[in-house]
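To find a chain, count down the sequence lines: A is the first, B the second, and so on, and within it residues start at 1.
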2 protein chains.
Amino acid sequence: MLQRPDPFNAQCPTRQVLDRIGDKWAVLILIMLDRETLRFNALRRRIENISQKMLSQTLKSLERDGLVRREVFATVPVTVEYSLTELGRTLAKTVEALTLWAESHIEAVQEAQRRYDRGGHEMN
Amino acid sequence: MLQRPDPFNAQCPTRQVLDRIGDKWAVLILIMLDRETLRFNALRRRIENISQKMLSQTLKSLERDGLVRREVFATVPVTVEYSLTELGRTLAKTVEALTLWAESHIEAVQEAQRRYDRGGHEMN
DNA sequence: GATCGTTGGTATCCGTTGGTTACCAGAACA
DNA sequence: TGTTCTGGTAACCAACGGATACCAACGATC
């Protein structure tokens, strides 16, 4: 029997999932892999400023959560392909709604920041 | 003129917004304040395990982004009410979609974790 | 034959960040 | 007089993220 979902309770398993979303790199990887299957270094080149360590670390935890599939091919040098599982695809769809929000409201946020930084911050 | 939105480019302002989502506490605060206006310590009691420091810090940056409104009342002791702005409400709605995903897929994720931790991890 | 570049990582260090604890003012309450 | 409530700030410390170096094994270049 599951305990009542309550993201504000630290013991709730839903919070684990929310903490995963609270991972900048995980979000970017999910969006990227939803577009196409990619190899390790291809992902690395596309997501600017991600270090090898964070990429392999994040991919590993995404794989553990059943969101990303990892396939190794015995080529030379070895090829490793990453793609989304069906579960991962459903999450990616939800996460893309966030990027849409970001793209359409970025100007309002930046305007608010400028107002706040000027000192007087009146809000509506 | 805005540069083309590209969350994978570190210079893109959209990434700033995405980084904000990548803040565990910010997400929880947004959801909480979408339900009701709350005072500082009321928020603190509801969101378990958040420290005073992180709460005031996160609230401050949410206010700067124009997502949260802060109102001080000259009672004694002083009362500070936090509520969402209209901008904040639209983001909260988007973020709640994520918690819905979390609640409905938490079992699948946990099952994947158990499979992964047992060693052999086959994926579908 | 030596060096470089490619693959996909791991190991190490170090600075920034998050979290814990202590402390503050000011009034009510016991 | 001490305690509690309010909403914070300051200091300290562990933990995490990020940069750098390094690894094996092979192809291509010099």
Can you give one letter per nucleotide of nucleotides 13-30 of chain D, 5' to 3': B if a protein heavy atom sits under 4.0 Å from the base, S if only from the sugar-phosphate, - if neither?
----BBB-B----S----
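- Checked options A:Leu59, A:Leu38, A:Thr37; the residue passing with A:Tyr82 is A:Leu59 (criterion: side-chain contact (heavy atoms from CB on, under 4.5 Å)).
- With respect to B:Glu111 and B:Arg114, a salt bridge is recorded, a charged nitrogen being found less than 4.0 Å from a carboxylate O.
- Applying the side chain to side chain donor-acceptor pair (under 3.5 Å) test to every pair with at least one member in residues 21-34 of chain B, sequence neighbours left out, gives these pairs: B:Asp34-B:Arg89, B:Asp34-B:Lys93.
- Evaluation of the ring pair (Phe, Tyr, Trp, His ring centres under 6.0 Å) rule for B:Trp101 yields B:His105 as partners, not counting sequence neighbours.
- Among all heavy-atom pairs drawn from B:Glu71 and B:Ser83, the shortest one is OE1-OG, 4.3 Å.
- For D:dT9, one of the phosphate oxygens OP1 or OP2 lies less than 4.0 angstrom from a side-chain nitrogen or oxygen of B:Ser56.
- Rounded to whole angstrom, the span from the CG atom of B:Leu55 across to the P atom of D:dT9 amounts to 11 Å.
- The stretch residues 34-46 of chain A does not touch DNA chain D, since none of its heavy atoms comes less than 4.0 Å from the strand.
- Taking CG of A:Leu33 as the reference point, atom CZ of A:Arg46 lies at 10.0 Å (rounded to 0.5 Å).
- Scanning for side-chain contact (heavy atoms from CB on, under 4.5 Å) contacts around B:Val72 gives B:Arg70, B:Val78, B:Val80, with sequence neighbours left out.
- If you take CD1 on A:Ile29 and CG on A:Leu55, they are separated by 5.0 Å, rounding to the nearest 0.5 Å.
- Counting only heavy atoms from C-beta outward, the side chains of B:Leu30 and B:Glu96 never approach each other to under 4.5 Å.
- Atom CZ in B:Phe73 sits about 13 Å away from atom P in D:dG8, given to the nearest Å.
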For B:Leu91 and B:Ile21, run side-chain contact (heavy atoms from CB on, under 4.5 Å): C-alpha distance rounded to whole Å, both residues' side-chain angles, the deciding distance at 0.1 Å, then the answer.
CA-CA 10 Å; B:Leu91 180 54; B:Ile21 308 300; 4.0 Å; yes
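- One atom, CD1 of B:Ile29, and another, C1' of C:dG18, lie 14 Å apart when rounded to the nearest Å.
- Taking the screw axis at each terminus of the helix from C:dG1-D:dC30 to C:dA30-D:dT1 from five consecutive base pairs, the angle between the two is 30° to within rounding of 10 degrees.
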